[in-house]
Amino acid sequence: MLLGCIADDFTGATDLANNLVRSGMRTLQTIGVPAAPLSGDVDAVVVALKSRTIAAADAVAQSLAALDWLRRAGCRQFYFKYCSTFDSTPQGNIGPVAEALMQALGAKLAIACPAFPTNARTIYMGNLFVGELPLSESGMRDHPLTPMTDANLVRVLQAQSRAKVGLVAWPVVAAGAAAIRARFAALAAAGARLAVVDAINDADLHAVATACADHLLITAGSGVAIGLPENFRRAGLLPLRADAAELPGVPGLAAVISGSCSQATNAQVAHWLESGRPAIRIDPLANARAEDLATEALRQATPLLASGPVLFYATAVPDVVKAVQSKLGVAEAGALVEGALAAIAQGLIARGVTRLVVAGGETSGAVVQALGIAALKIGPQIDPGVPWTATQGERPILLALKSGNFGSRDFFAKSLAQLDA
């Protein structure tokens, strides 16, 4: 294996793996740290953790365990992947995990670059933009777990890091890889160990990736990954591949599970409802037991599934989310919804569903863990950052794990139609 990756949530892992596959790297995503060596030929492995919103110390411990496994597997370079909106708090977890990985690898400097211009995430003078809006003015300001109220990534990362944080500003990035490497050297000489790197287009990402060819550790969103395969090709380590995204054909029933409350996912749920397709709302105030919420939803859905895909959604607008959290508590509301949606996923698979779209990072993590999935083969892209994947084994399940903020308004219907195209 050439590249070993650690992702802090499951949809982020598929987002990263998608970019690697599109650039010709055969990529496998594991759910948690594997218990044994992997079988089959792969160029990159993405270890998907559910560590974005847990205690920083636990996130560090899980990430170091993943790093240890990837090092033993022989990876030559390592990648810590977080969200393109830098989802975190002043306590972590991006800074603490990055510093722990740097220490374990003996890395002197590591970049921090969540930019993903294809999905309208850009960084200019250290400030992260979502489309035309600074991060702090985007829908991320209302995120129920990691509200982002500061667009300046140097400040955000410095607040959760012990090491000095510097900036590689866009004029340097635009000058190319040699200029970027020179700025890295200057920052290191000035005592910085983490460097926020600007990027406003894919050409910037390729230049940053080229400049990081000899870095042991890269910390970033999925965007920088588009340039890494070419580094390995230039070194004679990776051939051109045309079959990296192939998946098996899997017949069966289909369903959609949506737990994200992002603006994008709210629009996707609205599109599904407006089209008249069947949908079942999961109301966390209706029952305090996740199992009972799931049982009732599955009871309603069972006669509908044979006629076409059904949407199960807990997605809601910010005011509704805040009202639920005020009654149940933030952690309690989240756990109830995740538990219900995970139990629904189990019930759907038992009823013959083999094609499942899941919206939301925390929701995807809960679903994948509930289904006992150990690894996913990464397949073709649906929308930027979201591929179809297939479970391993004799009876594969096709899964699309969508970050809450990603995907077009018609994503749910489009993703399922792609399988029948």
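- No hydrogens or angles considered: a donor-acceptor pair under 3.5 Å links the side chains of Asp9 and Thr11.
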ask   = Going through the checks in order, is the side chain to side chain contact (heavy atoms under 4.5 Å, CB included) test met by Arg141 and Ser136?
value = CA-CA 6 Å; Arg141 68 185 182 274; Ser136 52; 5.9 Å; no

query = So Asp8 and Asn93, side chain to side chain contact (heavy atoms under 4.5 Å, CB included) or not? Walk me through it.
reply = CA-CA 9 Å; Asp8 68 356; Asn93 291 348; over 6 Å; no

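- The CG atom of Leu20 sits 9.0 Å away from the CD1 atom of Ile378 when rounded to the nearest 0.5 Å.
- Between Ala297 and Ile280, the shortest heavy-atom contact is O-CD1, 3.4 Å.
- Between Val45 and Thr27 the shortest side-chain heavy-atom distance does not fall below 4.5 Å.
- Side-chain contact, Tyr82 with Ser88: no donor N or O sits under 3.5 Å from an acceptor N or O.
- Remark: side-chain polar atoms of Asn19 are paired, donor with acceptor, to backbone N or O of Ser222 under 3.5 angstrom.
- With hydrogens and angles left out, the side-chain atoms of Asn266 and Thr315 include no donor and acceptor closer than 3.5 Å.
- Nearest approach of Val156 to Met148, heavy atoms of both residues: CG1-CE, 4.4 Å.
- Taking CG from Asn18 and CD1 from Ile382, the interatomic distance works out to 8.5 Å, rounded to the nearest 0.5 Å.
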ask   = Would Phe411 and His271 satisfy ring pair (Phe, Tyr, Trp, His ring centres under 6.0 Å), going step by step from the backbone distance to the final call?
value = CA-CA 9 Å; Phe411 177 84; His271 181 274; over 10 Å; no

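- Within 6.0 Å of CD on Gln103 lie no more than 12 heavy atoms contributed by other residues, nucleotides or ligands.
- Using the six-membered ring where Trp is involved, His215 and Phe184 have ring planes that are tilted, between 30° and 60° apart.
- Listed for the Asn119 side chain is no donor-acceptor partner under 3.5 Å among the backbone atoms of Arg121.
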inquiry  = Using the rule given for side chain to side chain donor-acceptor pair (under 3.5 Å), can you reason through Arg351 versus Thr302, listing the C-alpha separation, both sets of side-chain angles and the distance that settles it, and then say yes or no?
reply    = CA-CA 8 Å; Arg351 287 163 173 77; Thr302 298; 3.1 Å; yes

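- You'll find the side chain of Val33 stays beyond 4.5 Å of the side chain of Thr30, heavy atoms only.
- For the pair Leu2/Met25, a side-chain contact is recorded, criterion being any heavy-atom separation below 4.5 Å from C-beta on.
- Using modelled atom types and a 3.5 Å distance limit, the side chains of Arg234 and Asn231 yield a donor-acceptor pair.
- Thr265 places a side-chain N or O within 3.5 Å of a backbone atom of Gly404 that can act as its donor or acceptor partner.
- Taking 4.5 Å as the limit, some side-chain heavy atom of Leu247 sits within range of a side-chain heavy atom of Lys377.
- Without hydrogens or angle criteria, Ser138 side chain to Met140 main chain gives a donor-acceptor distance under 3.5 Å.
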query = Step by step, would you call Tyr313 with Leu273 a side chain to side chain contact (heavy atoms under 4.5 Å, CB included)?
reply = CA-CA 11 Å; Tyr313 69 102; Leu273 298 176; 3.9 Å; yes

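- Judged by distance alone, the side chain of Asn152 and the main-chain N or O of Asn127 form no donor-acceptor pair under 3.5 Å.
- Salt-bridge check for Arg193 with Glu99: failed, with every basic side-chain N at 4.0 Å or more from each acidic carboxylate O.
- Residues Tyr79 and Ile6 form no side-chain contact, since every pair of their non-hydrogen atoms from C-beta on lies 4.5 Å or further apart.
- Inter-residue side-chain proximity for Lys81 and Asp15 is flagged as met; some heavy-atom pair is nearer than 4.5 Å.
- The distance from atom CZ of Arg355 to atom CG of Leu348, rounded to the nearest 0.5 Å, is 14.5 Å.
- At a cut-off of 3.5 Å, with distance as the only test, a side-chain donor of Gln268 or Lys402 sits close to an acceptor on the other residue.
- For the atom pair OG (Ser275) and CG (Leu311), the distance works out to 9.5 Å, reported to the nearest 0.5 Å.
- When all heavy atoms of Val224 and Ala209 are compared, the pair lying nearest together is O-CB, 3.7 Å.
- Formation of a donor-acceptor pair under 3.5 Å by the Ser161 side chain with backbone atoms of Gln158 is not found in this model.
- A side-chain donor-acceptor contact under 3.5 Å links Asn201 to the backbone of Asp204.
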request  = Evaluate side chain to side chain contact (heavy atoms under 4.5 Å, CB included) for Arg233 paired with Leu237, printing each intermediate quantity in order.
outcome  = CA-CA 6 Å; Arg233 290 194 185 96; Leu237 299 171; over 6 Å; no

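- Between Asp58 and Lys50 there is no salt bridge, since no side-chain N of the basic residue sits under 4.0 Å from a carboxylate O of the acidic one.
- Shortest non-hydrogen contact noted between Pro387 and Gly379 is CB-O, 3.7 Å.
- Scanning all heavy atoms of the two residues, the minimum distance from Gln91 to Gln160 falls at C-CB, 4.2 Å.
- Note that the OG1 atom of Thr53 and the CG atom of Leu145 stand 5.5 Å from one another [nearest 0.5 Å].
- Side-chain contact between Arg277 and Phe412 is absent, with no heavy atoms from C-beta onward closer than 4.5 Å.
- Interatomic distance, CG of Leu356 versus OG1 of Thr391, reported as 11.0 Å (0.5 Å rounding).
- For the pair Arg52 and Asp87, the salt-bridge criterion is met [side-chain N within less than 4.0 Å of a carboxylate O].
- One finds no salt bridge joining Glu296 and Arg289 here, because no Lys/Arg side-chain nitrogen approaches an Asp/Glu carboxylate oxygen to under 4.0 Å.
- Side chain of Thr354 to backbone of Pro251: a donor-acceptor contact under 3.5 angstrom is found.
- Taking a 6.0 Å sphere around CZ of Arg76, one finds it holds 12 or fewer heavy atoms contributed by other residues, nucleotides or ligands.
- With hydrogens and angles disregarded, no donor-acceptor distance shorter than 3.5 Å links the side chain of Arg26 to the backbone of Val21.
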key: Test log, rule salt bridge (Lys or Arg N to Asp or Glu O under 4.0 Å), inputs Asp383 and Lys414   = CA-CA 9 Å; Asp383 270 342; Lys414 177 172 66 177; 2.6 Å; yes

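- Nearest heavy-atom pair, Ala115 versus Ile123, reported as atom, atom and distance to 0.1 Å: N-CD1, 3.7 Å.
- Side chains of Pro239 and Arg241 form a contact here, defined as non-hydrogen atoms less than 4.5 Å apart.
- Distance alone, capped at 3.5 Å, places no donor-acceptor pair between the Trp388 side chain and the Gln418 backbone.
- In Arg162, the CZ atom is not crowded: 12 or fewer heavy atoms of neighbouring residues, nucleotides or ligands sit closer than 6.0 Å.
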